2 protein chains.
Amino acid sequence: MIEKIHLSILREIARGGSLTAAAGSLNLTQSALSHTMKKLERQCNINLWLKDGRNIRLTEAGSYLLEQANRLLPQFERIDDTLRQFADNEKGSLGVGMECHPCYQWLLKVVQPFLAQSPGVDIDVKQRFQFGGMAALFNYDIDLLITPDPINKESIVFEPVFPYELVLVVSQHSKLNGLSQITPAQLSDQVLLTYPVETARLDIFQQFLLPAQCMPKLHKTLEATDIILQMVAANRGVAAMPKWLALEYANSLPIHLIRLGNSGIHKHIYVGYRKQEKLNKHIQTFITLAKSSGAALPAEV
Amino acid sequence: MIEKIHLSILREIARGGSLTAAAGSLNLTQSALSHTMKKLERQCNINLWLKDGRNIRLTEAGSYLLEQANRLLPQFERIDDTLRQFADNEKGSLGVGMECHPCYQWLLKVVQPFLAQSPGVDIDVKQRFQFGGMAALFNYDIDLLITPDPINKESIVFEPVFPYELVLVVSQHSKLNGLSQITPAQLSDQVLLTYPVETARLDIFQQFLLPAQCMPKLHKTLEATDIILQMVAANRGVAAMPKWLALEYANSLPIHLIRLGNSGIHKHIYVGYRKQEKLNKHIQTFITLAKSSGAALPAEV
DNA sequence: TCTCATGTATGAGAATTATTCATTTATAAA
DNA sequence: TTTATAAATGAATAATTCTCATACATGAGA
């Protein structure tokens, strides 16, 4: 069976013109190469070269093998290089899972500096999970889970990345415009716009409406943050979202932000990862960037 | 440095799901594989897999290497196959050189059965040589030389392949039509058509005209046999060529064949090859086919 | 929670393979 | 011829790979 060494020897013979020269560049003796190749010739029952005077003339089989050597050996060399990159932690990929709809825009602010800082590392973002984000993390479908709702589990670590306040966004043409805070009952005649996830995962329901046993007049769901805010601006409904996110649009759209209840709903974004990967350089880099990203977000109008 | 064995082990792990299974299919022990891979991991300072319970979970570097294994190993297997074909003499190529213009049509009759008999062997025909056919044979530009004029040389063997008679071809409208033989002097008022090679290599000159110190009225050269014979048929000149070749056209063109001199000019086609390749199966196959091809040629009108 | 079964890691010694050294053979050049 | 250069080869040695025995880790089942 052909081995890498056979290809290497053949390539060096072609480069140097003789076995002796090849032996020099491979740091072996002429004898070693001769033995190695003769053994192959015996095993395969072929001649790779004929002696033409004191030179070597490749046979057809030999020329064929040389071609293959020139094709395959560079590939091995590339593999060695790439492996070195893995060793230096310059190479890799990070699967990021998102269980937090509005966080997408924030994620972009983290991904950008990450990619700049780690040129060899690719980031892949997943937003849909058959069995939920935790399962995806567990099954190695993703390496990081971004969520506002961490679940306490032995083998998964969650780190809070930044705090935010959930606020109500209304149109400046709404009768609610100008309010500084709001009660659940005041939403009873409003159309509530949310992302299309189960109510159980919407804090506006869990922490605000349901405890007060209130419901909005209508509940509509929309995929895109931009569209939700366009709808709000057009006074077609109200929406609850992170304050920092609403603030990003506050200058360009006629919207007004209102605190939910007396003291507001305060949450954290968490990043979760498998405990055993605590030392993974890419994961820690990501988390560091994520934490510092909070400072870059708009704080007030 | 990555070796083939590392790729093989990784591929078998992926196939069998465990080191132990891989060891089985590679006819080695689990211990051997573990040692081999650990050594690579130490050399490269990478982890290729992590133990996940009692299973193996490839790291990114490991997955990368597995991809490469699935890509490269089949190529090695193809090389092994091809080498086996070379060993079985099923694979190769034969460079055939031609120093005999009219032989081209005969060559086709040999090449066809050869290609059918040796499906893995390619034939390449060359007709122009910078330093002559012998030099080409010597320099391994070709493996076989087909010529009517063998040169006695130590390292080249020539074998006669079939005998032929050189005849004069004239138009049925020529005043020479009907003659059964001809003298050199009778060509003095004729236009002689030949292939464009030096007169020294034209037997009609060397063996017929020059010994009698005669010359044709005019000497014109043409590349193609078909055109020469069309010209002859139109009574625009006469030509000397192998009798068997002229006979191939005798039914379709108004031509007449005349013996040169009393007893005719008798020649042989020779096939030459390098002495050291006496045992080359393809060369011997070719020569056998060449010899038997003589029988298939037209003998008389 | 304690076996039992299964799978990987590892050290030491055995087995195998690769490499070198010393020669031989062949050939081109001086 | 002689000399120099290059490949092939046999025997001895060096290096490596592989196996054996065993430790370690984990999941399943009593």
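Since the model is a prediction, treat every value here as computed from it, not as a measurement.
As a whole-Å value, the separation of Lys38(B) NZ from dA9(C) C1' is 7 Å. Across the protein-nucleic acid pair, Leu58(B) atom CG and dT8(C) atom P stand 12 Å apart, rounded to whole Å.
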Residues 19-32 of chain A side chain polar contacts: donor-acceptor under 3.5 Å, at least two apart:
from: Ser25(A); atom 1: OG; to: Glu12(A); atom 2: OE1; distance (Å): 2.9
from: Ser25(A); atom 1: OG; to: Ala21(A); atom 2: O; distance (Å): 3.4
from: Ser25(A); atom 1: OG; to: Ala22(A); atom 2: O; distance (Å): 3.2
from: Thr29(A); atom 1: OG1; to: Ala32(A); atom 2: N; distance (Å): 3.1

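Residues from residues 7-24 of chain B with heavy atoms under 4.0 angstrom of DNA chain C, sorted by number: Ser18(B), Leu19(B), Thr20(B).
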Contact pattern, 5' to 3', of nucleotides 17-25 of chain C - B, S or - by protein heavy atom under 4.0 Å: -SSBB----
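The disulfide bond (SG atoms under 2.5 Å apart) analysis of residues 38-83 of chain B, with sequence neighbours excluded, yields no pairs. Pairs of residues two or more places apart, or lying in two chains, that qualify as side chain to side chain donor-acceptor pair (under 3.5 Å) and include a residue from residues 44-53 of chain B are Asp52(B)-Arg57(B).
Of all heavy-atom pairs spanning Asp143(A) and Tyr273(A), the tightest one is O-CB, 3.6 Å.
Gln112(B) CD: 12 or fewer foreign heavy atoms inside a 6.0 Å radius. Atom CZ of Phe158(B) is surrounded by more than 12 heavy atoms from other residues, nucleotides or ligands within 6.0 Å.
Using a 4.5 Å heavy-atom cutoff, the side chains of Lys126(A) and Val96(A) are not in contact.
When DNA chain D is scanned 5' to 3' for any atom under 4.0 Å from a heavy atom of chain A, the first and last hits are dA4(D) to dA11(D).
Looking at Thr59(B), its side chain does come within 3.5 Å of a backbone N or O of Leu48(B) through a donor-acceptor pair.
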Glu159(A) and Lys291(A): CA distance, side-chain angles, deciding distance, salt bridge (Lys or Arg N to Asp or Glu O under 4.0 Å) verdict: CA-CA 10 Å; Glu159(A) 288 194 30; Lys291(A) 283 179 176 169; 2.9 Å; yes
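For the pair Arg84(A) and Asp81(A), the salt-bridge criterion is met [side-chain N within less than 4.0 Å of a carboxylate O].
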